[in-house]
Amino acid sequence: VLCWGLGTCVLSAVLSLPLAAQSAPSAGYALENGDVNGDQERDLSDPVYLLSHLFLGGPIAVPLAYCDADVPVVQNGDSNHDGAIDLSDSVHLLGWLFVGGPEPADACILGNGEGAHENPHRCGNRVAPPHSQAHGKTLQEWLTIYWTWYFGTNADPAQSKVGRVQLMPLPAPDTVTGSFTPDDPGVITGAIDVTLPPGTPFVIPQFAWTRETYDPNLDPLIPDDPAIPDDSLLAAVSPNLSIDGCTVVNDENERRFYIPPTPIDPTIFYPEPTSYGSIGIIGFQGCGIVALPLSPGVHVMKIDLPWILRDPPPGISPFGVIYHNTWNITVQP
């Protein structure tokens with residue numbers, strides 16, 4: 001094997017390895033560019049993983065976490081930020097790791113060269129890429145688990161952890177005003193204190209239309225709730241999720257975190273029918289995130305969300321509601 005410089009010497013070694021030996025445990029995302037395999041470390045395994053992808057058909061680099069509300073400005077593995085992922089990136093990574101070369105391009109820095117600068121509105125909160133397999137599951141799977149837990153166990157705190165991932169509880173309403181019509185929206189305000197151990201990611205929904213099924217003995221029989229067309233639902237909701245005053249989800253990026261109508265199978269039946277005859281949940285659609293671990297200390301997460309549905313599809317009445325919810329999150333051992 002020809003060998004000119006560190007990168008091609010390592011390539012010759014990689015080509016002799018079984019493919020299984022070139023992979024590593026992955027969280028499904030990376031916090032920093034160059035953590036190609038998503039094991040939350042940047043070391044020799046990353047250029048090896050990248051070379052395996054380039055020359056042996058191995059898996060691509062895991063996606064980078066979002067920088068607050070911002071999509072990363074570089075693709076994971078594009079270590080030298082030249083817009084392409086190729087052998088030069090493995091060489092760049094190896095040079096940084098072993099001979100004091102420049103660090104891989106920062107995914108949360110805006111611009112290149114002398115004009116590069118940090119987003120002045122960035123707090124450093126990270127969100128799992130919505131298209132990733134965060135902690136082994138897609139965002140759709142996490143939100144399905146969340147609503148199954150919420151309705152199926154009455155949000156039992158004892159069942160709120162899935163591995164390392166916390167299903168974040170929702171605040172109980174402190175105040176409720178309004179008539180819940182488009183012209184006089186109901187206003188619901190709540191707050192909750194939550195303590196998390198360090199290193200705990202969490203799932204939090206911003207909004208959801210949950211579809212119910214009804215008692216078959218009702219007269220007249222009420223059909224199952226229909227889904228709301230995606231564009232109609234997104235146009236009716238204006239979410240604003242912030243952590244420590246920095247926006248994470250808003251009107252501009254909500255579609256990235258939106259999950260279309262998804263069945264809950266099997267149906268989650270309520271212990272007792274509701275006053276209006278519903279007996280269980282059969283599906284949901286809406287928006288949510290997998291937030292990555294917060295730093296030790298006290299954090300404030302807020303959701304301010306007007307939801308005004310004036311022209312619903314048949315089978316749904318117009319409504320209006322505004323949520324103001326706050327989570328006071330303490331991260332400590």
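Given the structure is predicted, the values throughout are model-derived calculations rather than measurements.
No side-chain heavy atom of Thr189 sits under 4.5 Å from any side-chain heavy atom of Asn325. A heavy-atom distance below 4.5 Å is found between the side chains of Leu294 and Ile243.
Atom OG of Ser79 and atom CD1 of Ile85 lie 10.0 Å apart (nearest 0.5 Å). For the atom pair Leu241 CG and Cys287 SG, the distance stands at 8.5 Å (nearest 0.5 Å). For the atom pair Thr326 OG1 and Ile192 CD1, the distance stands at 11.0 Å (nearest 0.5 Å). From Ile228, atom CD1 reaches atom CH2 of Trp209 across 5.0 Å, with rounding to the nearest 0.5 Å.
For CG of Leu218, the number of neighbouring non-hydrogen atoms (other residues, nucleotides, ligands) closer than 6.0 Å is greater than 12. Counting non-hydrogen atoms of other residues, nucleotides and ligands closer than 6.0 Å to OH of Tyr323 gives a total of 12 or fewer.
In this structure, the ring of Phe257 has its center less than 6.0 angstrom from the ring center of Tyr66. Aromatic ring centroids of Phe207 and Trp307 lie under 6.0 Å apart.
Pro312 and Ser317 make their closest contact through CG-C, 3.7 Å (heavy atoms, listed as atom of the first residue, atom of the second, distance). A pairwise comparison of heavy atoms in Trp96 and Glu103 identifies CD1-CA, 3.4 Å as the closest pair. Across Asp230 and Pro261, no two heavy atoms sit closer than the pair OD1-CD, 3.3 Å.
Partner of Leu51 under the side-chain contact (heavy atoms from CB on, under 4.5 Å) criterion, out of Leu56, Asp89, Leu87: Leu87 alone. Tested against Tyr29 for a side-chain contact (heavy atoms from CB on, under 4.5 Å), the candidates Arg126, Gln40, Gln133 yield a single pass: Gln40. Checking Asn125, Val127, Thr247, Val249 one by one against Asp68, the side-chain contact (heavy atoms from CB on, under 4.5 Å) holds for a single residue, Asn125.
At distances below 3.5 Å, at least one donor-acceptor pair connects side-chain atoms of His53 with backbone N or O atoms of Gly58. In terms of modelled atom types and a separation under 3.5 Å, the side chain of Gln206 and the main chain of Ile204 share a donor-acceptor contact. For the pair Asn328 (side chain) and Ala191 (backbone), a donor-acceptor distance under 3.5 Å is absent. Although no hydrogens or angles enter the test, the distance criterion places no donor-acceptor pair under 3.5 Å between the side chain of Asp78 and the main chain of Gln75. With Ser132 contributing its side chain and Ala128 its backbone, the two residues share no donor-acceptor pair below 3.5 Å. Judged by distance alone, with hydrogens and angles left aside, the side-chain atoms of Asp35 form no donor-acceptor pair with the main-chain N or O of Arg42 at under 3.5 Å.
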Output, in order, the C-alpha distance, side-chain angles, deciding distance and verdict of side chain to side chain donor-acceptor pair (under 3.5 Å) for Ser45 and Asp43.
-> CA-CA 5 Å; Ser45 68; Asp43 52 29; 2.5 Å; yes
Could you please spell out the steps behind the salt bridge (charged side-chain N to carboxylate O under 4.0 Å, His left out) verdict for Lys302 and Asp244?
-> CA-CA 8 Å; Lys302 292 186 176 184; Asp244 297 332; over 6 Å; no
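Using cut-offs of 30° and 60° on the angle between ring planes, the pair Tyr146 and Tyr150 is parallel.
For the residue pair Asp304/Asn240, the side-chain donor-acceptor check at 3.5 Å is not satisfied.
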